[in-house]
Chemist: 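Sharing a structure here in structure tokens format.
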Amino acid sequence: MEEFSSTSGIRAIILRISFTISLFQVLFIGYTVTAQTTNSSGIERHAEGYCAMYDICGARSDGKVLNCPFGSPSVKPGELLSSKIQSLCPTITGNVCCTETQFDTLRSQVQQAIPFLVGCPACLRNFLNLFCELTCSPNQSQFINVTSISKVKKNSTVNGIDFFITEAFGEGLYESCKDVKFGTMNTRAIEFIGAGAKNFREWYAFIGRLAPPGVPGSPYAINFSATAPESSGMKTMNVSTYSCSDTSLGCSCGDCPSASVCSSSAPPPAQSEGSCSVRFGSLQVKCIEVAVTILYVVLVSIFLGWGFLHKKREETPVPRTKPLISATGNGVIRQSSRQKDENIPMQMLEDVPQISSGVQLSIVQGYMSKFYRRYGTWVARNPILVLCSSLFIVLVLCLGLFRFKVETRPEKLWVGHGSRAAEEKLFFDSHLAPFYRIEQLIIGTISDADNGKSPPIVTEDNMKLLFDIQKKIDAIQANYSGSMVSLPDICMKPLGTECATQSILQYFKMDHSNFENLGGIEHVEYCFQHYTSAESCLSAFKAPLDPSTALGGFSGNNYSEASAFIVTYPVNNAIDKEGNYSKKAVAWEKAFIQLVKDEILPMVEAKNLTLAFSSESSVEEELKRESTADAITILISYLVMFAYISLTLGDTPRFSSCYISSKVLLGLSGVILVMLSVLGSVGFFSAVGVKSTLIIMEVIPFLVLAVGVDNMCILVNAVKRQPMELPLEGRVSNALVEVGPSITLASLSEVLAFAVGSFIPMPACRVFSMFAALAVLLDFLLQVTAFVALICFDFLRAEDNRIDCFPCIKVFGSNADPEKGNQQRKPGFLVRYMKDIHAPILSLWGVKLVVICVFAAFALASIALCTRIEPGLEQQIVLPRDSYLQGYFNNISEYLRIGPPLYFVVKNYNFSSESRQTNQLCSISQCDSDSLLNEISRASLVPESSYIAKPAASWLDDFLVWISPEAFGCCRKFTNSSFCPPDDQPPCCSPSSGSCSSNGVCKDCTTCFRHSDLANGRPTTEQFQEKLPWFLNALPSSDCAKGGNGAYTTNVELEGYEDGIIKASAFRTYHTPLNKQVDYVNSMRAAREFSSRVSDSLKMEVFPYAVFYMFFEQYLSIWRTALINLAIAIGAVFIVCLVITCSFWTSAIILLVLTMIVLDLMGVMAILKIQLNAVSVVNLVMAVGIAVEFCVHITHAFLVSSGDRNQRMKEALTTMGASVFSGITLTKLVGVIVLCFSRTEVFVVYYFQMYLALVLLGFLHGLIFLPVLLSIFGPPSRCVLVEKQEDRPSTSSQF
């Protein structure tokens, strides 16, 4: 069942969600807001031109400097200091209240926040003004009041201040910055520089809190207040703020959605999930339901009106012609009226010496009748030749089995040739990087039985358990080709040498000894709030760990309420799935799963916790196990069908002769022929190089057996019905003439219906349809050749009194001959039921009206229900019921809070100075309002319709910010123009000294560019080419959080970029949580529609990529595929019927009944919530072929019977009703019911439920609706009376 790993391959996407959010987080320790001053004359005075704090009087134990608390007049700075201050604080002119040391401290501190805000100049300017005024304003004492003083080395230092500032400034600052994005983490900058503040007051509270030693933040408390005491003579600071929509300092639409330039491209309103509906009081129904109800009422009214008028007209007496009367040798009266619809019934004309029956034959019918009469005689005379030659041909086809191969690769099974998603995946993998592998553990608490709530998982005992589990996983040594593979050998290491394991243990650097040293659970609680800023909370791989990626079962940001640990091990992936690297990973994964089952699971259960787990290869391994899990179930199904066939083919059991009349050997031979037809089909396609699939071996034998059994029963019963005085060759010949055409018609229709499935683009379903079509064709050919020959042998055996199964043994005695003195067999129970009960009931006029109305209601209701069928294939269905992945998928759906990663890939981005494509892509200042990244940001505002959860992480935005002169801590160079690392990333190797300092600061580094070096704020082609590799190699740091190493290393292809063209680049965002299969389909459709619109607008090639797209692409057009294939299948059956019967009337009735069966089957799918996918589409197409069996035989018998429509309906049910019920309905029913015991849900849903529904619907339509329809609207009879020309008995269906 590897084909189902398509949708299971999808689960890999879901697994990545909990890891990806923080894997690409940059290393950001946080910024420290320090308002610093130096000591002064000591006079405190709140007046214009005076300082409240001046100079530096000490430092804390963690090195943070502290200002002097003494006021003094502001001082005039030197020319160099003045120019420095002007470059950072243009609002401050003249005198200042800061020394050069204070200003340098201010500059070094705010540089940590500048990379977050530089993309929106208005926000950056407002933010800098706040701290410039606090530190250097010449009128500082008017709005700053020192409220607390502390002693440091006998010096007085500031320990707390009041900062009087207007609410207007705070509101303007917050409004200009609240939507600014921090692209690296797909989130807002305020989450980092404001702890996610919801308003300016919360932001002020975050800025003003006193930071404990070693924790980023202010070294003294800042109390922001909107009003100054009247008696103090102070006033509030009220520097003008800039709106983010200000044209002079304009921000992008992504950072400032309220800007006027963005209003013309506002996000589209969210589309309503529901379709057209109508409300009747409190009841709301869909428009299509109202429409079909009205249509039904109209049609039923017309039909009932016609019915009553027709009944009344029939009751009016009309003159009748005198019937022609004759008698058989047995004295039975036969009559034939001269009226058009009152001909002598066909079976009543057998052996009448005076009158013979005939049928008006079409050319095809005439040929088939003559062929089967001659062929039947020849087969009966040469059974050995026919049997041996047919078996020889099939065995020759079976020789192809030597080239038999099974296709198990999901992409080869479920992705069609020329698939757009497959091509896009290949482009992404080859130009950027394949998605990583995921190994995951989910450890959860058990919910309380009383209140249904789960206790928190973060306890000391559970943390120690997690350390023990991690120790065991670290010790895994998997054997691959003689070498040992451990986790560090294969894990992903984006920012160094440590694995990027996503676990709450990262707050302790994955080291158990740090648990007690750092404070245990208290440290965990602390890191929940400070994971982005506290250095002690950084992971072992040097990046922050978002708690939401390592915890589950919480609401909002209440991480302490989490009820589950989510531990994720990202493992590097490779394009070549058969390469050594992938095989090493698979070997480790198998060892990982085995360890979890054997050791970790008992450990967790002993603590009264639950454990769910998975690896990248889990689904494939479980599907392999599943392929053998139901072997016994399928075998039992075959045995049950075989037993039923043997019982059905035999005569009515009699103890005295059952060993003669039974046909076990014939039934077994028929089953063997079915198996040979399947093997012949597989052998033929294997010989021509078509690989098989496991579903073919599991389903096709059952399918062909179900389809072929009815033909066996019909053939055997037809031979039994022939007069015993005829020789065997005559009985076989007459039987083939009687049922051969209908068998041919049904079989050809089935072959064409199955062959239509070869138009389905999905390889697994196309190959399945091809194999099934050829298998059914071979089965039909073997039935009319080998099986007919076997029938001859079996009847010769019975007539010669030889024991069934032991034909060499002959029995003598009167009891041994079941046919002795009984030249006419007694009709069976089913025949008597059809003749005496079933047909008379259906002949009642009131019953006919009810049947037509009820079945019409079913059909129209099914049309309305079809709109409720959802596309998709749930991954839980395709796995064994006892699979450990069942619980895992349930936990994933319960705990994850964000959807799969989504990449927008841009092909051939032209970054040259002459091109406008840079501004067409980016989303910072000076970028186009309708740029790609702005459009993505805009779409994220309506996630209900766009399925985009966040703005995109943009390497281009971060690169432009990184080289910006404002971000002076990012792009730096030595005097020789070589790269200069940030100060917090030693060693610093100065080109002038030629030596490296392990902890020194690079003194002779300058920013890469001045404003004058850039053209309109954008780098030239040469500058772009030179600095892009620098950016991608730069590690993020506290001085510059915009370094691209780790976050964007695989998002840009540098090969060939020297020509000014980047062949491939990706911008990462996320889908919204996708909980149902229809969500995956709709999200893919929305992303493609978005990309198509943006590509047309920008004249650039942009496409969306997510790992699950390749497997869900089929569902974008699954309805179209289903309807087209069903139309072709039903149309093919109609054409075959039309060609063979030359009766449009007959073919139209068969077409109508087939359509109703398929519609009702789809209605049942909607009721049972069976999804529409390739499996169900194949089943629907096969339903057309199987449903033909229920229609063709009854219709054919009706067509060649004589009498009025009621008589012909009774005749058809008497002749073929029993065969249809026993040979078709019951045979399929007993085989299908066994499938309900399957261990795999996919068999239960798509084979038991759908096939059971099909058999029941086929039975109801074939034996109830169709006879009633024929009795009212049936075509005229083809039977005519002629004078007998030769002394040869005629058959009941020579046509």
Chemist: Could you label the plane-to-plane angle of the Phe1112 and Tyr1080 rings as parallel, tilted or perpendicular, counting under 30° as parallel and over 60° as perpendicular?
Modeler: parallel
Chemist: Would a distance-only check, ignoring hydrogens and angles, find a side-chain to backbone donor-acceptor pair under 3.5 Å from Gln502 to Ala500?
Modeler: yes
Chemist: Quiz question: by atom type and distance under 3.5 Å, do the side chains of Ser954 and Tyr1048 form a donor-acceptor pair?
Modeler: no
Chemist: Nearest 0.5 Å, please: how far is OG in Ser931 from CD1 in Ile936?
Modeler: 8.5 Å
Chemist: Using the side chain to side chain contact (heavy atoms under 4.5 Å, CB included) definition, which of the options Ile1124, Ile869, Val1177 pairs with Trp1119?
Modeler: Ile869
Chemist: Using modelled atom types and a 3.5 Å cut-off, is there a donor and acceptor pairing between side-chain atoms of Ser913 and backbone atoms of Thr1021?
Modeler: yes
Chemist: Please determine whether a side-chain nitrogen of the Lys or Arg among Glu423 and Arg420 lies less than 4.0 Å from a carboxylate oxygen of the Asp or Glu.
Modeler: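 A salt bridge is absent here (no side-chain N lies under 4.0 Å from a carboxylate O).
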Chemist: Is there side-chain contact between Tyr480 and Lys583, with heavy atoms separated by less than 4.5 Å?
Modeler: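 SC-SC contact between Tyr480 and Lys583 confirmed.
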Chemist: Tell me if the NZ atom of Lys691 is crowded by more than 12 foreign heavy atoms within 6.0 Å.
Modeler: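 Yes, NZ of Lys691 has more than 12 neighbouring heavy atoms, counting only those of other groups under 6.0 Å.
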Chemist: Counting distance only, does the side-chain N/O of His1071 pair as donor-acceptor with the main-chain N or O of Tyr947 below 3.5 Å?
Modeler: yes
Chemist: Identify each donor-acceptor pair in which a side-chain atom of residues 1095-1103 lies under 3.5 Å from a protein atom, sequence neighbours left out, and give them as a table.
Modeler:
from    : atom 1 : to      : atom 2 : distance (Å)
Ser1095 : OG     : Ser1091 : O      : 2.8
Ser1095 : OG     : Met1100 : O      : 3.3
Ser1095 : OG     : Val1102 : N      : 3.1
Ser1095 : OG     : Val1102 : O      : 3.1
Lys1099 : NZ     : Asp1096 : O      : 3.3
Glu1101 : OE2    : Lys907  : NZ     : 3.3

Chemist: Give the minimum heavy-atom separation between Ala1047 and Arg1068, together with the two atoms involved.
Modeler: O-NH1, 3.8 Å
Chemist: Partners of Phe911 by ring pair (Phe, Tyr, Trp, His ring centres under 6.0 Å), sequence neighbours excluded?
Modeler: Phe1024
Chemist: Using a 4.5 Å cut-off on heavy atoms from C-beta on, say whether the side chain of Glu589 contacts that of Arg437.
Modeler: yes
Chemist: Could you check whether any side-chain heavy atom of Gln920 comes within less than 4.5 Å of a side-chain heavy atom of Leu932, counting everything from C-beta outward?
Modeler: no
Chemist: Within a radius of less than 6.0 Å around CD of Glu1055, do more than 12 heavy atoms belonging to other residues, nucleotides or ligands occur?
Modeler: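 No, not enclosed.
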Chemist: Would Ser940 and Thr1069 count as a side-chain contact (heavy atoms from CB on, under 4.5 Å) if you check the C-alpha gap in whole Å, the side-chain angles of each, and the deciding distance to 0.1 Å?
Modeler: CA-CA 9 Å; Ser940 68; Thr1069 180; over 6 Å; no
Chemist: Would you check if the side chain of Glu439 reaches a backbone N or O of Tyr569 as a donor-acceptor pair within less than 3.5 Å?
Modeler: no
Chemist: What is the minimum heavy-atom distance between Asn1045 and Pro494, and which atoms define it?
Modeler: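 The pair with the smallest heavy-atom distance is OD1-O, 3.5 Å.
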Chemist: If you measure from CZ on Phe613 to CG on Leu441, what distance do you get to the nearest 0.5 Å?
Modeler: 8.5 Å
Chemist: Okay, side chain of Asn1173, backbone of Val1175: is any donor-acceptor separation there less than 3.5 Å?
Modeler: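 Checking the backbone N and O of Val1175 against the side chain of Asn1173, a donor-acceptor pair under 3.5 Å is found.
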Chemist: With Thr1072, which residues qualify under side chain to side chain donor-acceptor pair (under 3.5 Å), at least two apart?
Modeler: none
Chemist: Can Leu873 and Tyr1246 be said to form a side-chain contact (heavy atoms from CB on, under 4.5 Å), step by step?
Modeler: CA-CA 10 Å; Leu873 179 63; Tyr1246 289 97; 3.4 Å; yes
Chemist: In a check of side chain to side chain contact (heavy atoms under 4.5 Å, CB included) between Ile438 and each of Thr568, Asn573, Val571, which one passes?
Modeler: Thr568
Chemist: Any donor and acceptor pair, going by atom type alone, linking the side chain of Asn910 with main-chain N or O of Ile1061 inside 3.5 Å?
Modeler: no
Chemist: Go through the structure and list residues passing side-chain contact (heavy atoms from CB on, under 4.5 Å) with Ser1065, not counting sequence neighbours.
Modeler: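 Here the qualifying residues are Val906, Trp955, Ile1062, Phe1067.
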Chemist: I'd like to know if the side chain of Ser614 reaches the main chain of Gln440, judged simply by a donor and an acceptor atom lying under 3.5 Å from each other, with no hydrogens or angles considered.
Modeler: no
Chemist: Please determine whether side-chain contact (heavy atoms from CB on, under 4.5 Å) holds for the pair Phe1090 and Arg1093, giving the CA-CA distance in whole Å, both sets of side-chain angles, and the decisive distance to 0.1 Å.
Modeler: CA-CA 5 Å; Phe1090 173 84; Arg1093 176 170 56 83; 3.3 Å; yes
Chemist: Using atom types as modelled and distance alone, determine if a side-chain donor or acceptor of Lys1042 lies under 3.5 Å from a backbone N or O of Asp957.
Modeler: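 Absent.
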Chemist: Quick check: closest heavy atoms across Gln1171 and Pro871, and the distance to 0.1 Å?
Modeler: NE2-O, 4.2 Å
Chemist: Could you tell me whether the side chain of Pro1104 reaches within less than 4.5 Å of the side chain of Leu902, counting heavy atoms only?
Modeler: yes
Chemist: So, using side chain to side chain donor-acceptor pair (under 3.5 Å) as the criterion, who are the partners of Ser937 when residues are at least two apart?
Modeler: none
Chemist: Hey, are the side chains of Asn934 and Asp928 touching, using non-hydrogen atoms and a 4.5 Å cut-off?
Modeler: no
Chemist: Tell me whether the count of non-hydrogen atoms from other residues, nucleotides or ligands lying under 6.0 Å of NZ in Lys1076 goes above 12.
Modeler: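 Open.
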Chemist: Would you name the heavy atoms of Ala939 and Ser946 that are closest together and state the gap between them?
Modeler: O-OG, 2.6 Å
Chemist: Would you check if there is a donor-acceptor pair between the side chains of Asp546 and Thr549 at a distance under 3.5 Å?
Modeler: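 Thr549 vs Asp546: no donor-acceptor pair found between side chains.
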Chemist: Compare all side-chain heavy atoms of Phe771 with those of Val690 and state whether any distance is below 4.5 angstrom.
Modeler: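 They are in contact (side-chain heavy atoms under 4.5 Å apart), so the answer is yes.
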Chemist: Does some side-chain heavy atom of Phe541 sit less than 4.5 Å from a side-chain heavy atom of Met492?
Modeler: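 A side-chain contact under 4.5 Å is absent here.
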Chemist: Give me each pair satisfying salt bridge (Lys or Arg N to Asp or Glu O under 4.0 Å) with a member in residues 1107-1121, each pair once, sequence neighbours excluded.
Modeler: Arg1088-Glu1113
Chemist: Rounded at 0.5 Å granularity, tell me how far CZ in Phe684 sits from CG in Leu774.
Modeler: 6.5 Å
Chemist: Starting at CZ of Phe592, measure out to OG of Ser618 and round the result to the nearest 0.5 Å.
Modeler: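 Phe592 atom CZ to Ser618 atom OG measures 8.0 Å (nearest 0.5 Å).
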Chemist: What are the two closest heavy atoms between Thr1049 and Leu1032, and how far apart are they?
Modeler: OG1-O, 4.2 Å
Chemist: Ignoring hydrogens, what is the shortest heavy-atom contact between Trp588 and Ala478? Give both atom names and the distance.
Modeler: CA-CB, 3.6 Å
Chemist: Find the distance between NZ (Lys584) and OG (Ser483) and round it off to the nearest 0.5 Å.
Modeler: 5.5 Å
Chemist: Any side-chain donor paired with an acceptor under 3.5 Å for Ser486 and Asp489?
Modeler: yes
Chemist: What's the spacing between Asn479 CG and Lys590 NZ if we round to 0.5 Å?
Modeler: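 Nearest 0.5 Å value for the CG-NZ distance: 12.0 Å.
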Chemist: Show your reasoning for whether side-chain contact (heavy atoms from CB on, under 4.5 Å) applies to Lys493 and Cys499.
Modeler: CA-CA 5 Å; Lys493 305 171 183 176; Cys499 295; 4.3 Å; yes
Chemist: Given side chains that start at C-beta, do those of Tyr888 and Asn891 come closer than 4.5 Å, heavy atoms only?
Modeler: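 Not in contact.
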Chemist: As a quick check of understanding, evaluate side chain to side chain donor-acceptor pair (under 3.5 Å) for Thr918 and Tyr909, giving each step before the final call.
Modeler: CA-CA 8 Å; Thr918 296; Tyr909 158 43; 2.6 Å; yes
